Amino acid sequence: MKNTNTNTKLILLHPYIQKQGNSNRLWLLAFISILTLAFLATLIYTRDRESSLNNTNTSIISSVISTNAVSAPLPATVINTLLHYASKSNDTYHMTYSDIKPISDVLRKCSSPCNLLVFGLTPETLLWKALNHNGKTVFIDENRYYAAYIEEKHPEIDAYDVQYTTKRSEMKELIASAKEHVANECKPVQNLLFSDCKLGINDLPNHVYEVDWDVILVDGPRGDWPEAPGRMSAIFTSGVLARSKKGGNPKTHIFLHDFSGEVEQVCGNEFLCKENLLEASGSMGHYVLERMNESSVQYCKGSSSSTALST
């Protein structure tokens, strides 16, 4: 008879072994938690420190830029680069290097802050603003919509529109009228804001007439056809502003672009005067006018009737 009794084997787990396993896991979890907290603390400290340093550096850079913007002139390399790319523009009506360079040279030597007045919004508008970055630059244009567009696109540009009442075909009559009334409403020294001279521009903002302009560029308005306004008023007004200065440098540099044109040459001779023509190169005429006495009743020292005017 077989013995049906079986020996039952009982395995007992000692409590110490189970406790030891749980303890190891707890220590591992605690170690990982400590490492995680240390990493997060280091990350937060580093980020805050970098942020603080960046803020400090930004403040320093802003201060330096602000200081330089007020006092430091443009480096010669920057000016030369601006002139190079401006003269290489693809725009059909851009100025040549030989036309831009004399204006740039005068602005570079102009005492800061330099006052620059420009008749005409042209492809060089941003260039003039950049070259005179420490000074006051104002633009006058015949097209109110284009002036508003430029100001919206480039808020740093200070532009005003003017409604010219002249016609290029009337140039001779307008010059004759100005010379006839040279002792009255067309005086060479006056506040044009209150002028009734047909060639005087009197509808600009008041402050434009109060500024002692150091440099004036006449590159507008248009004058390509008989009914176009022509540049007679711009040239006459430039001469009056230069002679009527109250302070600052007694001399004013006036540049006439497209100097080969009839209007530019005739009105330049009549109102800016041959004796004040410093240089004529390319299509740019460069005049230098001095402040005059209020009692003056002559635009030029001698008789300046233009031969072109009488033909």
Side-chain angles (χ1 to χ4, degrees), residues 92-103 105-106 116-120 122-124 128 140-142 162 164-182 186 188 192 197-201 213 215-243 251-290 292 296 298-311:
T92 305
Y93 302 102
H94 77 275
M95 284 189 185
T96 62
Y97 181 85
S98 60
D99 290 338
I100 297 174
K101 186 65 163 58
I103 303 173
D105 290 342
V106 170
L116 169 63
L117 179 64
V118 181
F119 288 91
T122 68
E124 290 76 34
W128 305 136
I140 309 298
D141 196 78
E142 61 187 298
V162 60
Y164 291 97
T165 59
T166 57
K167 295 180 181 179
R168 179 184 172 185
S169 59
E170 300 173 348
M171 179 186 68
K172 295 179 182 180
E173 292 80 2
L174 290 168
I175 293 177
S177 175
K179 295 174 71 174
E180 180 182 353
H181 299 93
V182 68
C186 296
L192 286 170
C197 183
K198 292 181 179 179
L199 280 178
I201 300 176
W213 299 105
V215 183
I216 300 176
L217 168 62
V218 179
D219 199 11
R222 297 166 298 168
D224 301 332
W225 67 96
E227 299 301 308
R231 298 178 181 176
M232 298 83 69
S233 289
I235 295 172
F236 175 83
T237 298
S238 297
V240 172
L241 291 173
R243 296 184 177 98
K251 294 184 178 181
T252 302
H253 295 263
I254 300 180
F255 292 91
L256 299 188
H257 190 219
D258 301 320
F259 192 57
S260 58
E262 180 187 16
V263 171
E264 288 72 20
Q265 289 204 357
V266 173
C267 291
N269 288 339
E270 292 291 344
F271 303 122
L272 304 182
C273 310
K274 289 182 178 181
E275 65 264 22
N276 297 324
L277 181 60
L278 182 65
E279 183 182 9
S281 59
S283 59
M284 186 68 69
H286 181 189
Y287 293 84
V288 179
L289 274 65
E290 294 198 36
M292 289 179 64
S296 300
Q298 278 188 315
Y299 303 117
C300 306
K301 292 180 180 179
S303 176
S304 60
S305 296
S306 171
T307 56
L309 181 64
S310 60
T311 58

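Computed from a prediction, not measured in an experiment: that's the story for all the values here.
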Original post:
Are the charged groups of Glu270 and Lys179 less than 4.0 angstrom apart, N to O?
Top reply: yes
Subject >> Any Ile254 side-chain heavy atom under 4.5 Å of Phe271 side chain >> reply: no
**OP:** With rounding to the nearest 0.5 Å, note down the distance linking CD in Glu264 to CD1 in Ile235.
**Re:** 5.5 Å
Subject >> Identified side chain to side chain contact (heavy atoms under 4.5 Å, CB included) partner of Leu272 from the options Leu256, Val218, Leu277 >> reply: Leu256
**OP:** Please assess Gln298 against Val182 for the test side-chain contact (heavy atoms from CB on, under 4.5 Å), listing each intermediate value before the final yes or no.
**Re:** CA-CA 7 Å; Gln298 278 188 315; Val182 68; 6.0 Å; no
Subject >> Pro226 side chain reached by Lys167 side chain, heavy atoms, under 4.5 Å >> reply: no
Subject >> Heavy-atom side-chain proximity of Thr122 to His94 below 4.5 angstrom >> reply: no
Subject >> Flag side-chain contact, heavy atom, 4.5 Å: Asp219 against Asp258 >> reply: yes
Original post:
If you look at every heavy atom in Phe236 and Cys186, which pair is closest and at what distance?
Top reply: CZ-O, 4.0 Å
Original post:
Nearest 0.5 Å, what's the CD1-CD1 distance between Ile103 and Ile216?
Top reply: 12.5 Å
Original post:
Is any side-chain heavy atom of Val106 less than 4.5 Å from a side-chain heavy atom of Phe255?
Top reply: yes
Subject >> Heavy-atom closest contact (Glu142 atom, Pro221 atom, distance) >> reply: OE2-CB, 3.2 Å
Subject >> Results of side chain to side chain contact (heavy atoms under 4.5 Å, CB included) for Ser296 - residues two or more places apart only >> reply: Pro188, Met292, Asn293
Original post:
Backbone N or O of Glu173 within a donor-acceptor pair of the Ser177 side chain at under 3.5 Å?
Top reply: no
Subject >> Stepwise side-chain contact (heavy atoms from CB on, under 4.5 Å) test for Lys301 and Cys273 >> reply: CA-CA 8 Å; Lys301 292 180 180 179; Cys273 310; over 6 Å; no
Original post:
In Å, rounded to the nearest 0.5 Å, how long is the span from CE of Met95 to CG of Leu217?
Top reply: 5.0 Å
**OP:** Measure across Trp213 and Leu116 and return the closest heavy-atom pair with its distance rounded to 0.1 Å.
**Re:** CZ3-O, 3.4 Å
Subject >> Ser169 to Glu227 - nearest heavy-atom pair and separation >> reply: OG-OE2, 4.2 Å
Indicate every side-chain donor-acceptor pair of residues 281-289 with a distance under 3.5 Å to a residue at least two apart or in another chain.
unit_1	atom_1	unit_2	atom_2	d
Ser283	OG	Asp99	OD2	2.7
His286	NE2	His253	ND1	2.8

**OP:** Apply side-chain contact (heavy atoms from CB on, under 4.5 Å) to Ile201 and Ile140, showing your working.
**Re:** CA-CA 11 Å; Ile201 300 176; Ile140 309 298; 5.6 Å; no
Original post:
Can you check whether Leu199's main-chain N or O pairs, donor with acceptor, with Ser233's side chain at less than 3.5 Å?
Top reply: yes
Subject >> Side chain proximity check, Leu241 to Leu117, heavy atoms < 4.5 angstrom >> reply: yes
Subject >> Smallest separation among heavy atoms of Arg168 and Asp224, with atom names >> reply: NH1-C, 3.8 Å
Subject >> Side-chain heavy-atom pair Met232, Tyr164 within 4.5 angstrom cut-off >> reply: no
Original post:
Does a side-chain heavy-atom distance below 4.5 Å link Glu275 with Cys300?
Top reply: yes
**OP:** Begin from the C-alpha positions of Ile100 and Trp128 and carry the test side-chain contact (heavy atoms from CB on, under 4.5 Å) through to its verdict.
**Re:** CA-CA 10 Å; Ile100 297 174; Trp128 305 136; 4.1 Å; yes
**OP:** Indicate the atoms forming the closest heavy-atom contact of Gln265 with Ser260, along with that distance.
**Re:** NE2-CA, 3.9 Å
